[in-house]
Number of protein chains: 2
Amino acid sequence: MAFSFTEENYIKAIYKLGEMHHDAISTNDIAAKLATRAATVTDMLKRLSDKKLITYQRYHGVKLTEKGRKTALAVIRKHRLWEVFLVEKLKFRWDEVHDIAEQLEHIHSDELIRKLDQFLGKPKFDPHGDPIPDEKGVMRLSSSTRLSDANKKGRYILTGVIDHSTLFLRYLSDLKLKLGDELEVQAINEYDQSYKVMINKKHPEFLSKQVVTNILVQAIK
Amino acid sequence: MAFSFTEENYIKAIYKLGEMHHDAISTNDIAAKLATRAATVTDMLKRLSDKKLITYQRYHGVKLTEKGRKTALAVIRKHRLWEVFLVEKLKFRWDEVHDIAEQLEHIHSDELIRKLDQFLGKPKFDPHGDPIPDEKGVMRLSSSTRLSDANKKGRYILTGVIDHSTLFLRYLSDLKLKLGDELEVQAINEYDQSYKVMINKKHPEFLSKQVVTNILVQAIK
DNA sequence: ATATTTTTTTAGGCTAATCTAAATTTTAAA
DNA sequence: TTTAAAATTTAGATTAGCCTAAAAAAATAT
Ligand SMILES: [Mn+2]
Ligand SMILES: [Mn+2]
Ligand SMILES: [Mn+2]
Ligand SMILES: [Mn+2]
């Protein structure tokens, strides 16, 4: 019932790929996500199948079993709780925590996570606005949309990001933009889909199409 | 410059064995400490020697190099800081933290440890009274002695333990005895070297020879 | 419907870390 | 000082996780 570092990473990758497609996941997609080779993935899929974490049919991709889904969500829960710890308690910036959490998410101790969750005040979201699954593996789905999908003037709250790269997160920080801040869309450029927004009723900024497709918001009222 | 989980455990084991003997460490001692086989140890010693962490002569044991000593102390520093975190912040008991710290000590991030140290208020001792090496790998040596070595009536402060087993630590907790508490030795039994002590001026207890050799104290005045 | 391209699997090999059994060296005993 | 015992190393295998190259299957284009 305890899996290796590597096995957990495969399960997490398969879960995340399944969040988008939701049909069976291909060997090549997993290889791309984990920066490894298709042959290596095939080897591992056999092992994960033996352990009943996935259902696997040669040449036809994989799906997580219920056991696999639970395992993935437990790892994601740990990752996100540790990220909260790193930002809230140790004062890391939100663009610095992912790689450390990639290591911490593989520490095995249910009691540790129970107590960490308690210590952090049972947070519901991580520093990037991603929801934290509960002990049972239940994760409420986000009611946020990409700002590019809102596609309408008005006021919004920044609730999350799609792109988690350091470069993007730093860019947002440089704009003095953080989770919970207000974005008022004042104009949308029809030619290139760039947005003119007012941040926290203070400073106006231009956000490119690429930027507005990578931030999640909720409309105010 | 970053070593594997396994390599770090070997280096730590060699360091700890060196703390007692301080002549060259034998293959068999390392095998015993790590619950592995002598042949396995020999294999690893060659690898550690290649990496300049130890000096190794066939059939004549090993010693840590300066690089090896630094590596060991860095791992010990991480272990002890995490133990402080688990007890002080997450409210684990002192007998519950070792196994979790065994995992956490292998997380690689200098910045994480710097910030954790800061967060904990730069503690000098772990929950078992063991000193925490600083960033440079400097660890002040304990001025404490085993209560059995004091061997004299009088008042003492409990400053640490030799045996770190759950069983022993639980036993001390059951006696309402924790670090910093006062022990007044009222009588020493000449026959079996058991001690009659008063704990915190409140309740008298009998401590066996095995117990008094496993606790560290400092005499008061 | 057949040929070409893409995807996936198999075959065979590598390294780190482990093991058991056998050989060798050192140490201790007679 | 020879011999027996103990410690250590070598030899040979195993497993997890990874790789490249070749074969096979599936998807796509003609
Ligand atoms: Mn992350
Ligand atoms: Mn995150
Ligand atoms: Mn410990
Ligand atoms: Mn300790």
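What you see below is based on every heavy atom in this structure, not just the backbone, and it leaves out hydrogens, waters and symmetry mates. In what follows, chains are A, B, ... by sequence order, proteins preceding strands, each numbered from 1.
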S.K.: Within the 4.5 Å heavy-atom criterion, are B:Y156 and B:T145 side-chain neighbours or not?
M.R.: no

S.K.: Considering all heavy atoms of both residues, which atom of A:P127 and which atom of A:L179 are nearest to each other, and what is their separation?
M.R.: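 Distance-wise, the nearest heavy atoms are O-CD1, 3.3 Å.
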
S.K.: Is the ring pair B:H106/B:F5 parallel, tilted or perpendicular, if the boundaries are 30 and 60 degrees?
M.R.: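 Rings of B:H106 and B:F5: tilted, as their planes differ by 30° to 60°.
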
S.K.: Mapping B:R37 and B:M44 to their closest nucleotides on DNA chain C, which lands nearer the 5' end?
M.R.: B:M44

S.K.: Taking the basic N atoms (NZ, or NE/NH1/NH2) and the acidic carboxylate oxygens, is any pair closer than 4.0 Å for A:D134 and A:K124?
M.R.: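 No, A:D134 and A:K124 are not salt-bridged.
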
S.K.: For nucleotides 5-15 of chain D, give me one character per nucleotide, 5' to 3': B if any protein heavy atom sits under 4.0 Å from the base, S if the only such contacts are to the sugar-phosphate, - if neither.
M.R.: --SBBB-----

S.K.: Which is the 5'-most and which the 3'-most nucleotide of DNA chain C that has an atom under 4.0 Å from a heavy atom of chain B?
M.R.: C:dA16 to C:dT26

S.K.: Check the side chains of A:T159 and A:S144 for a donor-acceptor pair under 3.5 angstrom, ignoring hydrogens and angles.
M.R.: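 A donor-acceptor contact under 3.5 Å links the two side chains.
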
S.K.: B:F5 near the nucleic acid: base, sugar-phosphate alone, or nothing, with a heavy-atom cut-off under 4.0 Å?
M.R.: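 If one applies the 4.0 Å heavy-atom cut-off, B:F5 turns out to touch nothing in the nucleic acid.
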
S.K.: Assign the ring pair B:F85 / A:F85 to parallel, tilted or perpendicular, where the plane angle (0 to 90°) is split at 30° and 60°.
M.R.: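 Geometry flag for A:F85 against B:F85: tilted rings.
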
S.K.: Assess the side chains of B:N28 and B:S26: does a donor N or O sit below 3.5 Å from an acceptor N or O?
M.R.: no

S.K.: Hey, could you give me each pair passing salt bridge (Lys or Arg N to Asp or Glu O under 4.0 Å) that has a residue in residues 42-52 of chain A? Not counting sequence neighbours.
M.R.: A:E7-A:K51

